[in-house]
Amino acid sequence: MKTFSIEDINAIINGSVVGQTTNKITGLEQITKANKNQATFIGNRKFATLWKNSKASLAIVNDKIALEPGENRVLIKVKNADLAMAKLLESFTPVTPYFETEIHPAATIDKSAKIGNGSRVGAGSFIGRNVILGNNVTIYPNVTILDETTIGDHTTIWSGTIIRERSVIGSHCIFHSNVSIGADGFGYRPNDDGRGLVKIPHIGNVVIGNAVEIGANSCVDRGKFSSTILGDGCKIDNLVQIAHNCVLGRSCIMAGSSGLAGSVTLGDGVVIGGSASIKDHVTIHSGATVGAGSGVMNDVPAGKTVLGYPAVDSREMLKQWVALRKLAR
Amino acid sequence: MKTFSIEDINAIINGSVVGQTTNKITGLEQITKANKNQATFIGNRKFATLWKNSKASLAIVNDKIALEPGENRVLIKVKNADLAMAKLLESFTPVTPYFETEIHPAATIDKSAKIGNGSRVGAGSFIGRNVILGNNVTIYPNVTILDETTIGDHTTIWSGTIIRERSVIGSHCIFHSNVSIGADGFGYRPNDDGRGLVKIPHIGNVVIGNAVEIGANSCVDRGKFSSTILGDGCKIDNLVQIAHNCVLGRSCIMAGSSGLAGSVTLGDGVVIGGSASIKDHVTIHSGATVGAGSGVMNDVPAGKTVLGYPAVDSREMLKQWVALRKLAR
Amino acid sequence: MKTFSIEDINAIINGSVVGQTTNKITGLEQITKANKNQATFIGNRKFATLWKNSKASLAIVNDKIALEPGENRVLIKVKNADLAMAKLLESFTPVTPYFETEIHPAATIDKSAKIGNGSRVGAGSFIGRNVILGNNVTIYPNVTILDETTIGDHTTIWSGTIIRERSVIGSHCIFHSNVSIGADGFGYRPNDDGRGLVKIPHIGNVVIGNAVEIGANSCVDRGKFSSTILGDGCKIDNLVQIAHNCVLGRSCIMAGSSGLAGSVTLGDGVVIGGSASIKDHVTIHSGATVGAGSGVMNDVPAGKTVLGYPAVDSREMLKQWVALRKLAR
């Protein structure tokens, strides 16, 4: 457990210290759950009244909120308590899971694979033919990386994740547990005799930029003959489906359980709310937002917010909801 | 295959036997599919007419349903045929998958891990540093349990499941295949230069009570600095998303493909229908029910049933649906 | 990399060649991304105007679309460019991931298991007691197949997939990464003392026909006492939930993130759109279609298309949507 003085903490977040305490800080906690060795955060006026009865010895507070520290307690006033919290979390991050050796003897690594300096591969992981891992790549136990895949420097792959053959993964990416990259797209044609379906081979691949994060149990399918592409900085939550031939620009966000059908295009900085789904071949232009739970069937212009099922301009959808509520009375 | 006489079966379910048969019972089956060595169940009047042509030699019947057994066939009349079925299923449960040895030599177990009496670890499973498994824990093949995690007595973890570091899992839990526990929550802040997003570290953990069941490919993310918590007796179906900092009370039920965004609170005994999703920071109070497919954006009072997208009181939503249907004519 | 002449390609798709080129074809690509060694496809008039500026040396074109090849470029005119593309994709399919030996020494195979001729098992895979694999079965690394399961000839199981005990899988199936077959169904009964829930054992199994494909991270739960059944030729996309006791006929299609609650019956050739969900015990008769995002609460007659939440006849739902839009103005 790491231990911090008030001075240590203020050196990180650079605020104004009010009050003093003899307690050391060893962790961070919500205001109602904190103990005397924990710091908490008050970024919103509605939490300010909870400070009096909180057991925390330290609160990082937005400087527009009027509060007194109280006895043997400290406030550090900052412009943005949420940003200060994000920075402190980095300092309090505990050690990551332990690797006994860089390459565990219970990993299976094809002799043609190339593994960069400082990279680590856990027990039970499989690294296929001609795979290339950059430097400082972390592969946790029981990961599978199939042939000809390349992974950039400083990327972390958590356990249970499967990366199919010929994927191209950037640097500084994080893939969480049980992710599936590069499975075949979902495409069939009617059989020549009209009975049943014949699989369309998917000979493309998946190309993922730098600093992309993909949540647990999410899927990115390979392209039919070209690539499914995620641009730099995309952040994908858990249980998200990204079908074959989708192309995501830079820094798109997809929240939990959302999904893109085949050949959807997202511009830069598109935000897809939780459980929303997008019809195949739709384009959502840069800076647009899709509200949670929406079903999008048409292209969305740049910067626009759409909502509902079927999704329309969000103000229009709110009017529809109001109108329906009135109608029912 | 286990074999039961009518007397063996009635010793378990304690009903009134009507009729007799020379056939032995070796299994349970639906009324239309059963053969002469199988028992079936008639818990609902609409199935009673199927008894005449069923091949089953035995039916367990609700005692309010008037039926005759027929030749060489038996009825056992009980107050609640569904409850009797649940009890019989326990007796007919076949053997579980075989462990050649308690700890398979192809498992990788850190020497600091502590494994209780009668616990078993399958081939390919990884048990990290300082992990503690209680007594009679079953870890099927190809499970990954990372550092400092503790698991209570009699818990079963099926193959493909990943439990990240510092998780606290109760006793008598069942986690099905490919579950992801303790992946990082989905949280970012804008970069200082305004371009792109910076990951907010998630240094909390997951705390799961006793007798919790989690379905295949479901996800429970770790808290930002405190814990994501599932209370005793929660039952979670497949492909369910539980985001960072959610707190579920006792005996909550979440059906397939449903999801909770970050910091959602469920009271005790809350029921979330299939494919429903709940907005971040919403509280659903004890005994409330969310209908299948709903999108919940506001707090739900105790005991209330909400439905629809956006979800409102279920009777109100049914009225909206009727009004819209009329309007369209 | 494979190399094809125009004649090689036309031998596969059997069209009329117009024009000539000195370039060899080594791949397939979308019309806007192709280079001079790639072939592209024009199956729709809206892509025809892109041909002039495309760098592709060859386009396979629907014969009703009027186009000229241009200098050093070729058109092959066919009745159906999409079908021609599907056939060509088979010829261009690259080699599949490499197996160093048929049975990898880092696989764990119970000595009672039977493995057919030409079958391959990758590193880290587990094959349980009395499992039977047919001929030419491919098990990629880190797959888990538990006791008494049988798998037919020519079936392929990708990494991370878990098949629980007593499953019956047909021939020519493909299961993608991190699929969960045969997890317990989601069923509980109230405890005798009225507090909390007791698990109902699920002693049935999963039975899957021939030529069934199941997408990444999808789930098929085992039956309560009989079987969950997928008929021949069913095609299931990623992140799909199929609950206990569902019965799917032949050649059903379920798109990404869709779900069936318990005991749903699908006839033959039913199509379920992406993110749609079906209530428990509903029957959707042969040839019916459920639109994307729908929530189906009632049986659907054969051949009918339903849409919306709650789903009704699709024309009726479109009318409702129009009426609501008008009302809101």
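Side-chain atoms are counted along with the backbone in the values below, which use heavy atoms only and exclude waters and symmetry mates.
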Point to revise | Minimum-distance pair of heavy atoms, taken over all atoms of D147(A) and P97(C) | key: OD2-CA, 3.2 Å
Review point. Checking T40(C) against chain A: side chain, backbone, both or neither under 4.5 Å from a heavy atom?
Key: neither
Review point. Who passes side-chain hydrogen bond (donor to acceptor under 3.5 Å, both in side chains) against N62(C), sequence neighbours left out?
Key: none
Revision key, fill the gap. With sequence neighbours left out, the residues meeting side-chain hydrogen bond (donor to acceptor under 3.5 Å, both in side chains) with T155(C) are none
Study note, to complete from the structure: The reported gap from OH in Y309(A) to OH in Y309(C) (rounded to nearest 0.5 angstrom) is 11.0 Å
Exercise for review: Verify the ring-centre separation between Y140(C) and F126(A): is it less than 6.0 angstrom?
Suggested key: no
**Study point:** From N142(C) atom CG to I162(A) atom CD1, the distance as rounded to the nearest 0.5 Å
**Key:** 6.5 Å
Revision key, fill the gap. Rounded to the nearest 0.5 angstrom, the CD-OG distance for E29(C) and S227(A) is 7.0 Å
Check your understanding: Roughly how far apart are S251(C) OG and L197(A) CG, rounded to 0.5 Å?
Key -> 5.5 Å
Exercise for review: Answer whether the closest heavy-atom distance between the side chains of M85(C) and K224(A) falls below 4.5 Å.
Suggested key: yes
Study note, to complete from the structure: Bottom line for A292(C): the part with an atom under 4.5 Å from chain A's heavy atoms is backbone
Point to revise | Donor-acceptor side-chain pairing of Q241(A) and S257(C) below 3.5 angstrom | key: no
**Study point:** Residue-level contacts of residues 319-327 of chain A with chain C, using a heavy-atom cutoff under 4.5 Å
**Key:** K319(A), Q320(A), A323(A), L324(A), L327(A)
Practice item. Give, as side chain, backbone, both or neither, the part of F41(C) having an atom under 4.5 angstrom from any heavy atom of chain A. Key: side chain
Point to revise | Toward chain A, the part of I174(C) with a non-hydrogen atom under 4.5 Å | key: side chain
Practice item. Give me the contact list for residues 178-188 of chain A versus chain C, heavy atoms only, anything under 4.5 Å, ordered by residue number. Key: N178(A), V179(A), S180(A), A183(A), D184(A), F186(A), Y188(A)
